[in-house]
Undergrad: 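One structure follows; several queries about it will come next.
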Amino acid sequence: MSSEPTSSGTSDMDHLLSLEKLDRASPDLWPEQMNGVSDFISALKSPIMPSSPPQWSGELEDDIAMLQEFGSLTTASLMEKVRALQNLAYQLGLDESREMTRGKFLHILDKPKQK
């Protein structure tokens with residue numbers, strides 16, 4: 001679409017121009033309130049300051065400390081740490097298997113019989 005003047009002296013864009021003004025602040029023009037929207041907007045405008053730090057922030061500090069500890073290790077000591085973690089995971093798997101077998105023998109995991 002070009003904005004060159006047509007034979008009548010006005011451009012095509014001038015025909016598309018709207019002079020209508022909408023005042024969105026007027027409650028008469030926009031009377032409907034949606035459930036929860038006004039509560040959401042008021043919550044956004046008044047941020048809540050937590051009285052205590054979030055529950056996960058302590059865990060985050062522990063994780064950062066552990067990453068810094070791993071970063072300071074040499075390659076050999078890091079590999080030793082990884083082997084220790086693998087051995088621990090393997091041992092936990094054996095313990096879980098033993099407990100599951102024990103639960104089967106004691107009929108702990110059986111479904112209740114229907115009458």
Side-chain angles (χ1 to χ4, degrees):
M1 199 180 267
S2 68
S3 59
E4 298 174 6
T6 59
S7 60
S8 62
T10 61
S11 69
D12 291 336
M13 293 293 180
D14 291 339
H15 294 293
L16 300 175
L17 184 63
S18 173
L19 300 174
E20 182 180 8
K21 303 286 185 203
L22 294 177
D23 181 17
R24 294 186 181 265
S26 172
D28 294 332
L29 291 176
W30 310 99
E32 298 176 19
Q33 294 291 326
M34 295 175 67
N35 292 336
V37 172
S38 57
D39 296 335
F40 177 73
I41 291 175
S42 65
L44 283 179
K45 290 181 180 178
S46 62
I48 300 171
M49 300 301 283
S51 58
S52 62
Q55 175 180 351
W56 51 264
S57 66
E59 296 172 6
L60 182 64
E61 292 170 4
D62 294 342
D63 291 343
I64 291 173
M66 184 172 33
L67 285 174
Q68 288 175 345
E69 177 188 341
F70 288 154
S72 66
L73 295 175
T74 62
T75 305
S77 59
L78 185 60
M79 290 302 295
E80 185 179 322
K81 194 78 146 166
V82 168
R83 272 189 227 105
L85 287 173
Q86 287 175 336
N87 290 338
L88 179 63
Y90 180 75
Q91 188 62 42
L92 285 173
L94 290 177
D95 291 345
E96 182 180 7
S97 174
R98 191 177 312 117
E99 291 298 320
M100 291 296 289
T101 303
R102 184 174 173 229
K104 286 179 186 176
F105 287 138
L106 295 174
H107 303 289
I108 293 173
L109 302 174
D110 290 342
K111 292 182 181 178
K113 295 180 182 177
Q114 299 203 357
K115 295 178 182 182

Undergrad: Any sub-3.5 Å donor-acceptor pair from S97's side-chain atoms to G93's backbone N or O?
TA: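 Side chain of S97 to backbone of G93, a donor-acceptor pair under 3.5 Å: no, none is there.
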Undergrad: List, one per line, each side-chain donor-acceptor pair under 3.5 Å for residues 80-87, sequence neighbours excluded.
TA:
residue, atom, partner, partner atom, Å
N87, ND2, R83, O, 3.4

Undergrad: With a cut-off of 3.5 Å and sequence neighbours excluded, list every side-chain donor-acceptor pair involving residues 58-72.
TA:
residue, atom, partner, partner atom, Å
S72, OG, E69, O, 2.8

Undergrad: Dump the intermediate steps for side chain to side chain contact (heavy atoms under 4.5 Å, CB included) on Q91 and L94, then the final yes or no.
TA: CA-CA 5 Å; Q91 188 62 42; L94 290 177; 4.3 Å; yes
